[in-house]
2 protein chains.
Amino acid sequence: MITSTVENYLKRIYLEQQTDPAALVPMGKLAAVMQVVPGTATAMVKTLADSGLLEYEPRGGIRLTPGGEQLALHVLRRHRIIELFLVETLGLDWSEVHEEAETLEHAVSDKVLERMDRLLKHPRFDPHGDPIPPAKGRMPTDTLIPLTSLQPGQRADIARVSDQDPAFLQFIDRSGLTPGTTIQLQAHDPQADAYVLKILPKGRVSLGSTAACKILVREA
Amino acid sequence: MITSTVENYLKRIYLEQQTDPAALVPMGKLAAVMQVVPGTATAMVKTLADSGLLEYEPRGGIRLTPGGEQLALHVLRRHRIIELFLVETLGLDWSEVHEEAETLEHAVSDKVLERMDRLLKHPRFDPHGDPIPPAKGRMPTDTLIPLTSLQPGQRADIARVSDQDPAFLQFIDRSGLTPGTTIQLQAHDPQADAYVLKILPKGRVSLGSTAACKILVREA
DNA sequence: CATTCTTTTTTGAGTAATCAAACAGTTATT
DNA sequence: AATAACTGTTTGATTACTCAAAAAAGAATG
Ligand SMILES: [Mn+2]
Ligand SMILES: [Mn+2]
Ligand SMILES: [Mn+2]
Ligand SMILES: [Mn+2]
């Protein structure tokens, strides 16, 4: 049975995998992101391995099988379409939809999901700029860079905000740094740990590296 | 913890209660409608009684406490608003939304629910004509009668279809007997077990008593 | 009123998911 | 190499929900 617990594990494992596709995901990392004690993660991973959803090397780590990855992408598609639906159709704030989608992603049927997808005109990105896995076919790979990699003077479009914390997302919103915005890095002072951005057409904001590296941009 | 299992039990008990508000709901009935073995119902009922959600008379039956009833109505409100939302906003067929809502009713937050309610302009009835419990305040009581109680010649408006079976609902749709339709009972032949209806402004259909008593009407 | 049938409860067991804490294996440090 | 620190696994228990089957209570019938 694919319980919602299994769906959550697969989705998290997939996301961890993406941060370093070559390496195995260590058990400690998995336990940490799933917020369970290590023994729980070990037990779960054994049953997922038995179901053929991942490969498990004891004391080494794990990696999703193609079947496990397909399921993970399915959950991720649901999650991101639901997020966008909640923002676009029901008018929720982008800072709160992640939490809502965390539950709904396990309850929405394929039929309902495809209706949402149609109503939203087959969107390619969720409210945070994360790509929506297509119903079939490969996940599109775009090459985004963190704001911290820009050279002073360089322009770029904000493409993604990779932190689901409502307080941070609300700050991004207030500052006018939502995906789609064009910015220019005006100055970077390593000593002050300050990235000064010009928001086009008007506006200015200064960020520390902790915040700046959560903002991914596409070079203009 | 209010698990979705608990929500389902409370909702079913409430609905059973309504069929005969004076009597206790017998354990056998509960087990049957919940599709569990009697022992399972007994075990569950004990924990619900311990949580103060219902009163349990061993070998007598059960009755929801005010707290249990409030929770049940909350679930029922979610269920019915979701059904209408799926029909109105996502364009699903009324024959399939009951099953979808059965899962979603446990996953939709109060915030999302109130957004749906607002988008639907605070509806009072679900697609099947069942009343939507208000967020606060008492459940409205309307006096509907089954089609089988009409006298030949009498006119009435179809108000509710009380069977969630998709095949039956599709038949009702095909026959033009959806809630809101005005009909007139043209003839009732007890020997043939046939209720002949005129559908206004035009149309005619004949129903047996099994089908006719699932259709509730409001006298014109 | 004794027997039979029906309904309900009890008992014992299983699955899924979790934690605490003991244990074992691996890597780093002295 | 010995020891310490870290990481991961095992073991034993718990909670929520469920079923199968035995036992008990109550109702109906001859
Ligand atoms: Mn989730
Ligand atoms: Mn997102
Ligand atoms: Mn349900
Ligand atoms: Mn309904």
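Per chain, numbering begins at 1; letters A, B, ... match sequence-line order.
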### Query
For every nucleotide of nucleotides 15-23 of chain C, 5' to 3': is a protein heavy atom under 4.0 Å from its base (B), only from its sugar-phosphate (S), or from neither (-)?
-SSSBS---
#### Entry: Partners passing salt bridge (charged side-chain N to carboxylate O under 4.0 Å, His left out) against A/R124 (at least two apart in sequence or in another chain)
none
### Query
Could you state the CG-C1' distance from A/L30 to D/dT7, rounded to the nearest angstrom?
14 Å
### Query
When the distance from CG of A/L24 to P of D/dT7 is rounded to whole Å, what number comes out?
16 Å
### Query
Ion pair present between A/K11 and A/E105, side-chain N to carboxylate O less than 4.0 angstrom?
yes
### Modelled atom types, side-chain donor and acceptor of B/N8 and B/H106, under 3.5 Å
yes
### Query
Applying salt bridge (Lys or Arg N to Asp or Glu O under 4.0 Å), which residue pairs with at least one partner in residues 33-52 of chain A are found, sequence neighbours left out?
none
### Query
If you look at every strand shown and take non-hydrogen atoms under 4.0 Å, does B/K46 touch a base, only sugar-phosphate, or nothing?
sugar-phosphate
### Query
Just by modelled atom types, is the B/P179 backbone N or O under 3.5 Å from a matching donor or acceptor in the B/R160 side chain?
no
### Task
Rounded to the nearest angstrom, tell me the gap between atom CG in B/L48 and atom C1' in D/dA16.
12 Å
### Message
Output the rounded distance in Å from CE (B/M27) to C1' (C/dT10).
### Response
13 Å
### Query
Is a side-chain donor-acceptor pair under 3.5 Å present for A/H79 with A/H98?
yes
### Task
Grab the CD1-P distance between A/I62 and D/dG8 for me, whole Å please.
10 Å
### Query
CE of B/M34 versus C1' of D/dA16: gap in Å, rounded?
14 Å
